[in-house]
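One structure below.
Source: prediction; values computed, not measured. Below, all heavy atoms of this structure are taken into account, side chains as well, without hydrogens, waters or symmetry copies.
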Amino acid sequence: MEELRKSFHEELDEIQAGIVRMAALVSESIPRATEALLESDLKLAQELITADDDLDYLSVHLEERCHQVLALQSPMASDLRALSTALRLNAELERSGDLAVNIAKATRRIYGTRYDATLRGLLVRMSEEACRLMRLAIDAYVDGNAGLAAALDDIDDQLDALNRDCVQAVFQAHNDGSIDLQAAVQLCLISRYYERIGDHAVNIGERVVYMVTGWLPEYTGSARVQVREQGSRDEIDEE
């Protein structure tokens with residue numbers, strides 16, 4: 001049994017290493033996508049789009065490995081939470097990589113667009129903040145730091161505010177005639193892509209809290225539903 005447990009935790013370590021590898025690829029792709037956008041670098045944009053295949057490969061391989069461990073080891077309690085967390089993080093990271101690719105694809109649609117200093121600055125700041133959130137989320141996962149993981153929701157407020165400022169700056173640039181309608185639409189979407197990467201980092205944080213403590217935010221809503229249902233049953237019984 002001891003040898004079996006050793007093998008199981010070695011599997012968990014390798015799965016965690018796979019998650020970290022995926023997170024590194026995503027974190028690297030965010031600033032590169034921003035560079036491609038701001039410099040109208042179609043070659044770099046295509047490299048990012050092509051490189052997404054590597055992330056997809058890792059994602060599929062990691063999911064299959066998690067399922068194999070679940071089937072063969074039948075983990076319980078914290079070990080089961082660690083595996084289910086890895087599966088969820090795998091999905092969050094794969095989607096975050098897709099969002100970086102979406103920025104690269106948008107670069108091709110608005111090739112040649114010139115950005116004023118305000119808009120350029122906001123896009124850079126959003127890129128940096130999205131990258132920072134993702135790195136903090138993975139640090140929390142590796143360290144099992146539930147406090148940092150829980151704080152990500154508040155930290156994400158900064159990226160949400162930047163998203164609002166960026167959309168307003170896009171509208172202003174369009175009203176001034178410095179960007180056309182297609183560029184304005186694409187840039188609003190790009191701003192949303194950065195904001196969504198931050199949301200995925202927050203989701204990762206929630207799953208890390210679950211991995212460490214066994215609690216999810218959804219449990220609070222579920223408890224309220226149970227209270228309402230119990231109240232309805234009590235009213236029926238009284239009738």
- When you look at Asn90 and Glu94, which way does the side-chain hydrogen bond (donor to acceptor under 3.5 Å, both in side chains) test go after all the steps? CA-CA 6 Å; Asn90 177 43; Glu94 192 277 332; over 6 Å; no
- Trace of the side chain to side chain contact (heavy atoms under 4.5 Å, CB included) decision for Ile138 with Val142: CA-CA 6 Å; Ile138 296 305; Val142 172; 4.2 Å; yes
- Query: Is it true that Glu47 and Lys43 have a side-chain N and a carboxylate O under 4.0 angstrom from each other?
  - Reply: yes
- When clusters are formed by joining ILVMFWY residues with side-chain heavy atoms under 4.5 Å apart, either directly or through shared neighbours, do Phe171 and Leu123 land in the same one? no
- Item | Between CG on residue Leu62 and NE2 on residue His67, distance to nearest 0.5 Å | 10.0 Å
- Message: Once rounded to the nearest 0.5 Å, what's the spacing between atom CG of Asp199 and atom CZ of Arg95?
- Response: 11.5 Å
- Any chance you could measure Ile197, atom CD1, to Ile103, atom CD1, to the nearest 0.5 Å? 5.0 Å
- Task: Assess Arg207 against Tyr210: is NZ or CZ under 6.0 Å from the centre of the six-membered ring, and within 45 degrees of the ring's axis?
- Result: yes
- Item | Cys166 versus Met126, closest heavy-atom pair with distance | CB-SD, 3.9 Å
- Non-hydrogen atoms of Ala137 and Val208 that approach each other most closely: O-CG2, 4.5 Å
- So if you build clusters from Ile, Leu, Val, Met, Phe, Trp, Tyr with side-chain heavy-atom gaps below 4.5 Å, do Val167 and Tyr194 land together? no
- Item | Separation of Ile30 CD1 from Glu129 CD (nearest 0.5 Å) | 11.0 Å
- Please check if atom CZ in Arg114 has more than 12 non-hydrogen atoms from other residues, nucleotides or ligands closer than 6.0 Å. no
- If you look at every heavy atom in Leu87 and Cys66, which pair is closest and at what distance? CD2-CB, 3.6 Å
- Message: Between Tyr141 and Thr85, do the side chains contain a donor N or O and an acceptor N or O under 3.5 Å apart?
- Response: no
- Take His9 and Asp79, measure what side chain to side chain contact (heavy atoms under 4.5 Å, CB included) needs, and give me the verdict at the end. CA-CA 9 Å; His9 285 288; Asp79 291 334; 3.4 Å; yes
- Work out which heavy atom in Ser40 is nearest to a heavy atom in Thr107; give both atom names and the distance. CA-CG2, 4.5 Å
- Query: Are Met22 and Leu48 grouped together when hydrophobic residues (ILVMFWY) are joined by side-chain heavy atoms under 4.5 angstrom apart?
  - Reply: no
- Is the number of heavy atoms from other residues, nucleotides or ligands within 6.0 Å of CZ (Arg125) greater than 12? no
- Query: Apart from Ile49 itself, what residues make up its hydrophobic cluster, given side-chain heavy atom links below 4.5 Å?
  - Reply: Val101
- Task: Could you grab the distance from atom CG of Leu159 to atom CZ of Arg164, nearest 0.5 Å is fine?
- Result: 10.0 Å
- Item | Nearest heavy atoms of Asn163 and Arg192, plus distance in Å | OD1-N, 3.8 Å
- Query: With a 4.0 Å cut-off, would you call Glu28 and Arg32 a salt bridge?
  - Reply: no
- Task: Taking all non-hydrogen atoms of both residues into account, name the closest pair between Ile110 and Thr113 and its distance.
- Result: O-OG1, 2.8 Å
- Residues two or more places apart in sequence or in another chain: which of them pass salt bridge (Lys or Arg N to Asp or Glu O under 4.0 Å) with Asp165? none
- Item | Gln46 and its side chain to side chain contact (heavy atoms under 4.5 Å, CB included) partner, picked from Thr50, Leu44, Leu42 | Thr50
- Task: Examine distances only and state if a side-chain atom of Ser29 and a backbone atom of Val26 form a donor-acceptor pair shorter than 3.5 Å.
- Result: yes
- Message: Would the distance check show the side chain of Ser191 and the main-chain N or O of Leu187 forming a donor-acceptor pair, the cut-off being under 3.5 Å?
- Response: no
- Message: Can you tell me how far apart CE (Met134) and CD1 (Ile204) are? Round to the nearest 0.5 Å.
- Response: 4.5 Å
- Item | Residues Val170, Ile179; criterion side chain to side chain contact (heavy atoms under 4.5 Å, CB included); working and verdict | CA-CA 8 Å; Val170 169; Ile179 60 174; 4.0 Å; yes
- Item | Check: Asp176 side chain, Ser178 main-chain N or O, donor-acceptor pair, under 3.5 Å | no
- Query: Does Arg120 come within less than 4.0 Å of Glu39, counting only side-chain N to carboxylate O?
  - Reply: yes
